[in-house]
Amino acid sequence: MATKVWDGFIRGFHWLLVIGIAVLYFSGEEGWLEVHFVTGYLLLALMTTRLIWGIIGSQTAKLSSLFHSPKAILASFKSTATYVGHNPAGSLMVLAFFVLISVQLVSGLFTTDDILVEGPLVAHVPYSWAELAGDIHHTNIDILLIAIAVHISAIVIYRLRGKNLVKPLLTGNTAEPVSSAPTMRSGLLAYGIFVVLSAILLLTWGYEPLMALF
């Protein structure tokens with residue numbers, strides 16, 4: 001019997017994040033700056049919503065469920081036990097992604113190309129800070145890409161071992177036996193928060209690049 005382990009928002013968050021990071025990277029590489037900024041604001045709203053949902057959301061969405069001892073993390077690499085939600089090693093990867101993506105998005109708010117485009121917070125900090133933010137923004141994306149490669153490799157390894165990590169993030173359910181079903185909340189509330197935050201960011205910081213796309 002299948003057990004629901006991921007609510008609708010967590011599933012949507014994962015795939016929206018995949019799409020958003022891809023668009024963010026390619027738009028930056030191709031110089032599609034309006035697309036880059038609009039995508040960045042939407043991802044900032046998405047990440048902020050995820051952090052909020054990590055406090056008020058489903059049991060498996062809780063941020064508290066992502067923290068484990070080093071001993072538990074090391075043991076999970078060898079263990080074949082079934083976990084409700086992320087196992088300790090997977091939780092560490094999720095936390096790493098949260099940090100890297102947050103650094104990328106926040107640093108972008110303070111970054112300028114010294115010619116035409118600058119983040120909305122550049123004017124509020126010393127120029128040396130903006131330079132530092134730019135360096136972080138360009139270096140961190142490479143680290144993020146490496147983390148993504150490691151993440152994909154781990155998914156492939158688990159699949160070869162007979163464990164499908166992708167299917168539960170599509171269906172929300174696992175067919176593996178669990179000790180008890182996690183407490184779930186409707187993801188509609190989280191999507192509502194995401195829409196509100198997106199509207200606020202696009203109206204305050206993203207209005208000009210958004211209008212330039214039409």
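For Tyr207, there are no side-chain hydrogen bond (donor to acceptor under 3.5 Å, both in side chains) partners two or more places apart in sequence or in a different chain. Residues forming a side-chain contact (heavy atoms from CB on, under 4.5 Å) with Trp15 (at least two apart in sequence, or on another chain): Val18, Val166, Leu169, Leu170. Qualifying ring-ring contact (aromatic ring centres under 6.0 Å, His included) partners for Tyr191, counting only residues two or more places apart in sequence or in other chains: Phe9. Under the rule for a side-chain hydrogen bond (donor to acceptor under 3.5 Å, both in side chains), the partners of Trp53 that lie at least two apart in sequence or sit in another chain are Asp7. Scanning for side-chain contact (heavy atoms from CB on, under 4.5 Å) contacts around Ser69 gives Lys71, Ala72, with sequence neighbours left out. Applying the side-chain hydrogen bond (donor to acceptor under 3.5 Å, both in side chains) test to Ser65 and every residue at least two apart in sequence or in another chain returns nothing. Judged as a side-chain hydrogen bond (donor to acceptor under 3.5 Å, both in side chains), and not counting sequence neighbours, the contacts of His137 are Gln104, Ser107. By the side-chain contact (heavy atoms from CB on, under 4.5 Å) test, Phe98 is found to be paired with Phe13, Met47, Arg50, Leu51, Leu63, Leu66, Val94, residues two or more places apart in sequence or in another chain being considered. Under the rule for a side-chain contact (heavy atoms from CB on, under 4.5 Å), the partners of Val35 that lie at least two apart in sequence or sit in another chain are Val23, Ser27, Trp32, Thr39, Leu213. Remark: Phe97 pairs with His151 by the ring-ring contact (aromatic ring centres under 6.0 Å, His included) rule, at least two apart or across chains.
The shortest distance between side-chain heavy atoms of Phe67 and Pro88 does not fall below 4.5 Å. The shortest distance between side-chain heavy atoms of Leu202 and Leu42 falls below 4.5 Å.
Summarising the geometry of Ile101 relative to Ile21, their closest heavy-atom pair is CD1-CD1, 3.7 Å, with the distance given to 0.1 Å. Of all heavy-atom pairs between Thr3 and Ala181, the closest is CG2-CB, 3.8 Å. Closest approach of Phe110 to Ala133, counting heavy atoms only: CB-CB, 3.6 Å. Pairing each heavy atom of Phe194 with each of Thr49, the nearest pair is CA-OG1, 3.3 Å. Between Thr112 and Ala130 the shortest heavy-atom distance is CG2-CB, 4.4 Å. Of all heavy-atom pairs between Ala89 and Ser76, the closest is N-OG, 3.1 Å.
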Exercise for review: Take Ile56 and Leu189 through the test side-chain contact (heavy atoms from CB on, under 4.5 Å) and record every step on the way to the result.
Suggested key: CA-CA 10 Å; Ile56 67 173; Leu189 174 60; 4.2 Å; yes

Practice item. Please step through side-chain contact (heavy atoms from CB on, under 4.5 Å) for the pair Trp205 and Leu44, ending with a clear verdict. Key: CA-CA 12 Å; Trp205 292 341; Leu44 183 58; 4.2 Å; yes

Exercise for review: Please assess Thr60 against Lys62 for the test side-chain contact (heavy atoms from CB on, under 4.5 Å), listing each intermediate value before the final yes or no.
Suggested key: CA-CA 6 Å; Thr60 50; Lys62 297 284 189 183; over 6 Å; no

**Study point:** Residue pair His68, Leu92: steps toward the side-chain contact (heavy atoms from CB on, under 4.5 Å) verdict
**Key:** CA-CA 8 Å; His68 302 274; Leu92 183 63; over 6 Å; no

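Annotation for Val99: hydrophobic cluster partners, listed by chain and number, are Val103, Leu132, Ile136 (ILVMFWY side-chain heavy atoms under 4.5 Å, direct or chained).
Linking Ile, Leu, Val, Met, Phe, Trp and Tyr whenever their side-chain heavy atoms come within less than 4.5 Å puts Leu105 and Val125 in one cluster. Side-chain heavy atoms closer than 4.5 Å link hydrophobic residues (I, L, V, M, F, W, Y) into clusters, and following such links, even through other members, never connects Val195 to Leu17.
Atom CG of Leu16 and atom CG of Leu43 lie 9.0 Å apart (nearest 0.5 Å). Rounding to the nearest 0.5 angstrom, the gap separating the OG atom in Ser58 from the CE atom in Met184 is 4.0 Å. Between the CG atom in Leu100 and the CG atom in Leu95 there is a gap of 11.0 Å [rounded to 0.5 Å]. The line from CD of Glu34 to CD of Glu208 is 10.0 Å long, rounded to the nearest 0.5 Å. The line from CG of Asn140 to CG of Asp135 is 12.0 Å long, rounded to the nearest 0.5 Å. Distance check, rounded to the nearest 0.5 Å: NZ of Lys163 to CD1 of Ile157 gives 14.5 Å.
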Counting only pairs under 3.5 Å, give me each side-chain donor-acceptor contact of residues 142-150, with atom names and distances, residues two or more places apart or in other chains.
none

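Between the side chain of Arg159 and the backbone N or O of Leu165 there is no donor-acceptor pair closer than 3.5 Å. In this structure, Asn173 contributes its side chain and Val5 its backbone to no donor-acceptor pair below 3.5 Å.
Aromatic ring centres of Trp129 and His124: separated by at least 6.0 Å.
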